[in-house]
Amino acid sequence: MIDEAQAVADTRRWLERAVIGLNLCPFAKAVHVKEQIHWAVYLPESEGGLLDALLAEAAALVAHVPAVRDTALLIAPNTLPDFLDFNDFTARAERRLARAGYEGVLQLATFHPRFQFGGTEPGDIGNATNRAPYATLHLLREDSVTRAVDAFPEAEDIFERNIETLEKLGANGWAALDVGPRAAKP
């Protein structure tokens, strides 16, 4: 079982080396450097309380000013190891966030160690754009996303650029980044 400190350390390493290091998200560096990311961990193996934890993180995020907490990562290292189960959970989570009044206020992005885009093979390197060491639910403020996209030229090209970056890097290059869970290493 992964503990809180390990989950945050592994996810932070992934953020720094892959997301920021490869510039997969050009908006991540600023909030990381300014320490505006809230790191939360849900440790149980059962998903039973994960929706409640997500709603609590959503409430806490909107209760803070963006200069203090602009985004939140809820890491679930011991929960939903199967990607299809995680994908089903994500759909339920988005509905619950909408019912709780966060539609148009918060956005949910998701990451999983076995993330797979529809129409791709599990080993396609492009899937790595959404692969994190553990199941992770990322809450973003809609206003912050809008400001970031407005300030970034050709934001609509980010996904295609990321696929190109990962294809150039290749599976061996991705593995060399060492962005998986440390606890699973020999």
Side-chain angles (χ1 to χ4, degrees), residues 1-20 24-25 27-29 31-32 35-64 66 68-118 127-146 148-149 158-159 162 179-184:
M1 186 145 150
I2 306 299
D3 66 23
E4 183 173 346
Q6 189 67 55
V8 171
D10 289 346
T11 305
R12 186 181 296 267
R13 191 177 65 259
W14 161 76
L15 176 77
E16 291 169 350
R17 291 182 181 184
V19 178
I20 294 171
L24 297 178
C25 176
F27 320 122
K29 185 176 182 179
V31 293
H32 181 59
E35 298 182 358
Q36 296 169 318
I37 301 171
H38 175 70
W39 304 84
V41 180
Y42 176 83
L43 291 175
E45 291 180 14
S46 165
E47 70 181 76
L50 187 54
L51 274 177
D52 292 335
L54 180 64
L55 290 171
E57 289 303 325
L61 181 59
V62 299
H64 286 82
V68 173
R69 185 181 296 186
D70 197 37
T71 190
L73 291 171
L74 177 57
I75 308 157
N78 305 308
T79 313
L80 297 165
D82 180 83
F83 175 67
L84 293 178
D85 292 341
F86 176 75
N87 201 40
D88 291 343
F89 174 85
T90 297
R92 291 192 311 274
E94 288 176 336
R95 288 191 300 271
R96 281 290 303 277
L97 285 167
R99 281 198 315 266
Y102 295 112
E103 191 167 357
V105 177
L106 297 178
Q107 216 178 83
L108 181 64
T110 59
F111 303 92
H112 191 276
R114 292 179 188 88
F115 190 95
Q116 184 177 345
F117 290 107
N127 293 320
T129 63
N130 285 63
R131 286 194 173 164
Y134 310 106
T136 302
L137 302 164
H138 183 191
L139 290 167
L140 302 107
R141 295 173 188 268
E142 288 273 353
D143 289 346
S144 295
V145 171
T146 299
V149 167
I158 292 171
F159 179 77
N162 288 348
V179 294
R182 283 284 163 104

Could you state the interatomic distance from [atom1] ([X]) to [atom2] ([Y]), rounded to the nearest 0.5 Å?
{"X": "Thr79", "Y": "Phe86", "atom1": "OG1", "atom2": "CZ", "value": "10.5 Å"}
{"X": "Leu80", "Y": "His112", "atom1": "CG", "atom2": "NE2", "value": "6.5 Å"}
{"X": "Gln107", "Y": "Leu97", "atom1": "CD", "atom2": "CG", "value": "11.5 Å"}
{"X": "His138", "Y": "Ile75", "atom1": "NE2", "atom2": "CD1", "value": "10.5 Å"}
{"X": "Gln36", "Y": "Arg141", "atom1": "CD", "atom2": "CZ", "value": "9.0 Å"}
{"X": "Thr110", "Y": "Leu74", "atom1": "OG1", "atom2": "CG", "value": "12.0 Å"}

Item checked: Arg182 side chain vs Asp10 backbone, donor-acceptor pair below 3.5 Å -> no
Next item on the list: Ignoring hydrogens and angles, tell me if any N or O in the side chain of Arg114 forms a donor-acceptor pair with the backbone of Asp82 under 3.5 Å.
Entry: no
Provide the closest heavy-atom pair for [X] versus [Y] in the form atom of the first, atom of the second, distance.
{"X": "Ala100", "Y": "Leu55", "answer": "CB-CD2, 3.9 Å"}
{"X": "Pro133", "Y": "Gly180", "answer": "CB-C, 4.0 Å"}
{"X": "Leu24", "Y": "Thr129", "answer": "CD1-CA, 4.5 Å"}
{"X": "Ala109", "Y": "Leu140", "answer": "CB-CD1, 3.8 Å"}
{"X": "Glu4", "Y": "Leu43", "answer": "N-CD2, 3.8 Å"}
{"X": "Phe117", "Y": "Asn127", "answer": "N-OD1, 2.9 Å"}

Next item on the list: Go through Val62 and Tyr102 one step at a time and tell me if the side-chain contact (heavy atoms from CB on, under 4.5 Å) criterion holds.
Entry: CA-CA 9 Å; Val62 299; Tyr102 295 112; 4.0 Å; yes
Are the side chains of [X] and [Y] in touch, meaning some heavy atoms are under 4.5 Å apart?
{"X": "His32", "Y": "Thr71", "result": "no"}
{"X": "Leu15", "Y": "Trp39", "result": "yes"}
{"X": "Leu139", "Y": "Glu57", "result": "yes"}
{"X": "Leu137", "Y": "Phe89", "result": "yes"}

Notebook entry, point to check: Ile158 and Phe27: side-chain contact (heavy atoms from CB on, under 4.5 Å), yes or no, with the steps?
Noted result: CA-CA 11 Å; Ile158 292 171; Phe27 320 122; 3.8 Å; yes
Note to self: Please determine whether side-chain contact (heavy atoms from CB on, under 4.5 Å) holds for the pair Gln6 and Tyr134, giving the CA-CA distance in whole Å, both sets of side-chain angles, and the decisive distance to 0.1 Å.
What the structure shows: CA-CA 11 Å; Gln6 189 67 55; Tyr134 310 106; 4.2 Å; yes
Check: Hey, mind stepping through Val41 and Thr11 against side-chain contact (heavy atoms from CB on, under 4.5 Å) and telling me if it holds?
Finding: CA-CA 10 Å; Val41 180; Thr11 305; over 6 Å; no
Check: Should we count CD of Glu142 as having more than 12 external heavy atoms under 6.0 Å?
Finding: yes
